[in-house]
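For reference, the structure discussed in these notes is given below.
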Amino acid sequence: MKFMKLGSKPDLFQSNGENTRYVATDLAADMIVSVGDVKFYVHKFPLLSKSARLQKLVAVSENGNNEEIEINDIPGGPTAFEICAKFCYGMTVTLNAYNVVMARCAAEYLEMYETVDKGNLVYKIEVFLNSSVFRTWKDSIIVFQSTKGLVPWSDELKVVSHCLESIASKVSVDTSKVEWSYTYNRKKQQVMVPKDWWVEDLCDLSSDLYKRVMIAIKAKGKTSSDVVGECLRFYVQKRLPWFGKRNRKNDGDGVKARSLIEMITELLPDENESVSCGFLVHLLHACVRLECGGTRKKELMRRIGNQLQNATISDIVILDVDLVQELVAIFMMRDQNNEIELSEVRHVDSDAKVSVAKIIDGYLAEIAKEPNTSLLKFADLGDMVSSLPRSTHDGIYRAIDMYLKEHPGIGKSEKKRICRLMDCRKLSPDACKHAVQNERLPLRVVVQVLFFEQLRVTSSGGMAAEAAMGLAPGGSSRTNTEEEWGSVPTSEELKALKGEVEKDGEKMNKAKGAVISKRIFMKVFSSKDKDSDNGSSDTSESRSTNAEETKSGTPTSRSQRHSLS
């Protein structure tokens, strides 16, 4: 830290109680200066010789020889006045980044100019500020902090503007030219100066000062938007310990926290994807918790929806289902908007769609663990991404299985509703193996999984499987129709199907087996027994099938299930 020592005489100011200060000399004081609740017993000559304001006040005073003057509005109060008084006496006083602004404002108030006395205090402080303080990174920040309690003097004397210019200019310097000291504790020792070397030091600023600095830095236009975004993220995380944590209570002043979140949102760089999607999600979460203005929330949701593919499951799991549905809707609208706007020919990248589908599948698996998750909202969110491409449906299967596990009391119709989100044709072999042994699934789902898994295993080139599934070669898969899900196989049909599956399983060990009879499969899933609930419930089906499985001794018994969830 830079400092400047003024004067050479010993410090003779002493205290006589908390509210009295005097100069310990043989010469009696001939003037009293009251600053707030502190009285200074001083001598006229040294003070009047350097302060034009004190000269004027004494000239109008009518209290005789022992003048008493009140200057209650001096910036910096008694401490600042004492610095100026010591300078007038020639006593040693040391100025540094913590007290220099206070002294500068007080000297201005007392009118300690060059016209009054050569080498006066205003001049000396200006030299110190411009030649030392504003050239130093950390001193500039300390001085800027000290200006807050000295408004409007610090603004009118342009101390604030000089601090902003100093800080913003140093931030904008190429990292190869950074030679001043800075704080950087977040990473291990750096060989080269990192781009965000300045981020941590600004976190000590109050939010109003921080905002002014960030506006000045952005106005320079030489700092990349991603570094600006990193600075904003680090600042809010340091100021709000609960930020980004789903269940942690809002500590501290809610009004200040709301103001901070709104300020950070306002300062976000305009460039697309300049700020991580995760940071935006956490801002949105905080915005909702603190009930920030609707405009801020709307802007955050627009930005997140436009880059939802960059989010992670751990990011969006802090949001409730309603918010996630809105974000998915914004993402899905991108394609529709691009089709309408002739000037925009770029559609949503297919990889982005795959990523969003994967993210939402993972999100559904997470919220499925919560007992209060509404089946309707769960299914509606799954429906919103049902048209997005997926390499497999393992993710949505895991979410469905988790929901069934955590909500064992739901009925048959509810099970059918969420199971329709999954296409059995798109499950991986491991997922199929889990599904056929999963007692939580409706039996009709297990039958479908068995059928399509047999087709996949026994098909030599893939064409036969596509034909058997009713697909054109290279055609896309579809989710199961209401007719398929509404069908209920009879016990006899299930026994016949199970028998063929077991026989095919034995054949596969030698020659990869044969495809299950399409006739039996179609019969199972085209029967429309209107009285199905009377004798073909999931429970009765499960009992009959389990009995058959016990007879056959097949290793695919549903009671011997694994757990992917």
Side-chain angles (χ1 to χ4, degrees), residues 242-251 278 281-282 284-291 297 301 304 308 311-329 356-386 390 393-424 427 431 434-446 449 479-480 485 533 537-539 541-542 558-559 561-565:
W242 55 265
F243 180 79
K245 298 177 176 61
R246 188 177 190 182
N247 297 318
R248 183 163 176 175
K249 293 182 179 180
N250 302 354
D251 300 327
V281 169
H282 292 158
L284 176 60
H285 179 237
C287 190
V288 172
R289 289 176 66 174
L290 296 169
E291 299 179 349
K297 177 183 173 182
M301 294 193 69
I304 297 168
L308 188 58
T312 65
I313 298 170
S314 60
D315 289 334
I316 68 168
V317 77
I318 66 175
L319 303 178
D320 61 36
V321 182
D322 293 330
L323 279 176
V324 176
Q325 285 180 331
E326 291 184 59
L327 295 175
V328 172
V356 169
K358 184 177 181 180
I359 291 167
I360 299 303
D361 287 349
Y363 175 80
L364 288 171
E366 290 298 319
I367 65 171
K369 302 173 186 177
E370 301 176 7
N372 295 328
T373 298
S374 162
L375 182 141
L376 180 60
K377 291 184 177 181
F378 181 93
D380 285 347
L381 180 56
D383 281 336
M384 291 183 73
V385 295
S386 61
R390 293 176 171 91
H393 274 220
D394 288 11
I396 189 63
Y397 166 66
R398 180 176 181 273
I400 293 169
D401 182 47
M402 182 62 69
Y403 193 90
L404 294 176
K405 179 180 179 181
E406 298 297 329
H407 302 79
I410 66 173
K412 290 171 57 179
S413 60
E414 286 83 3
K415 286 186 177 182
K416 286 164 52 179
R417 173 72 176 92
I418 62 172
C419 284
R420 279 200 299 270
L421 299 172
M422 170 182 64
D423 188 347
C424 297
L427 296 179
H434 183 274
V436 298
Q437 302 174 72
N438 191 343
E439 292 181 346
R440 292 186 284 270
L441 294 176
L443 196 54
R444 63 180 64 84
V445 180
V446 177
V449 173
T479 54
N480 306 287
W485 286 110
D533 289 336
S537 67
D538 284 353
T539 305
E541 290 167 358
S542 179
R558 295 175 68 203
S559 62
R561 62 186 182 278
H562 308 288
S563 176
L564 288 181
S565 55

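The chain is numbered in sequence order, starting from 1.
- Atoms CG and CG, on Leu308 and Leu327 in that order, are 6.0 Å from each other to the nearest 0.5 Å.
- Between the CZ atom of Arg289 and the CD atom of Glu291 there is a distance of 12.0 Å, given to the nearest 0.5 Å.
- Contacts of Ser314 classified as side chain to side chain contact (heavy atoms under 4.5 Å, CB included), with partners at least two apart in sequence or in another chain: Thr312.
- Atoms CG and CD1, from Leu381 and Ile360 in turn, are 5.0 Å apart once rounded to the nearest 0.5 Å.
- Proximity of a side-chain donor or acceptor of Glu414 to a complementary backbone N or O of Gly411 within less than 3.5 Å is detected.
- Here the rule is side chain to side chain contact (heavy atoms under 4.5 Å, CB included) with His285, and of Ile316, Leu290, Ile318, Asp315 only Ile318 fits it.
- Counting all heavy atoms, side chain and backbone alike, Ala435 lies closest to Leu441 at O-CD1, 3.7 Å.
- For Met402 against Ala368, the heavy-atom pair with the smallest separation is CG-CB, 3.8 Å.
- Asp383 places a side-chain heavy atom less than 4.5 Å from the side chain of Arg417.
- Remark: Leu376 engages Ser374, Asp380 in a side chain to side chain contact (heavy atoms under 4.5 Å, CB included) (not counting sequence neighbours).
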Please evaluate residues Asn438 and Val446 with respect to the criterion side chain to side chain contact (heavy atoms under 4.5 Å, CB included), reporting the C-alpha separation (whole Å), side-chain torsions for both, the decisive distance (0.1 Å), and the verdict. CA-CA 8 Å; Asn438 191 343; Val446 177; 5.9 Å; no
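- Taken from CG in Leu375 to CD1 in Ile418, the straight-line distance is 5.5 Å, to the nearest 0.5 Å.
- Taking the side chain to side chain contact (heavy atoms under 4.5 Å, CB included) definition, one finds that Lys297 meets it with Leu284, Cys287, Val288, Met301, Leu323, sequence neighbours left out.
- To the nearest 0.5 Å, atom NZ of residue Lys358 and atom CG of residue Asp394 are 11.0 Å apart.
- For the pair Asp401 and Arg440, the salt-bridge criterion is met [side-chain N within less than 4.0 Å of a carboxylate O].
- Across Leu421 and Gly382, no two heavy atoms sit closer than the pair CD2-C, 3.7 Å.
- With sequence neighbours excluded, the residues that form a ring pair (Phe, Tyr, Trp, His ring centres under 6.0 Å) with Tyr403 are Phe378, His407.
- The closest donor-acceptor contact from the side chain of His393 to the backbone of Met422 lies at 3.5 Å or more, if one exists at all.
- For the pair Arg398 and His434, the minimum side-chain heavy-atom distance is 4.5 Å or more.
- Rounding to the nearest 0.5 Å places CG of Asp320 at 8.5 Å from CD of Glu326.
- The side-chain heavy atoms of Tyr397 and Val445, taken from C-beta on, include no pair separated by under 4.5 Å.
- Of all non-hydrogen atoms in Ile359 and Ala311, the two that sit nearest each other are CD1-O, 3.2 Å.
- For the residue pair Ile313 and Tyr363, the shortest heavy atom distance occurs at CG2-N, 4.0 Å.
- With respect to the salt-bridge test (charged N to carboxylate O, under 4.0 angstrom), the residues Arg390 and Asp361 qualify.
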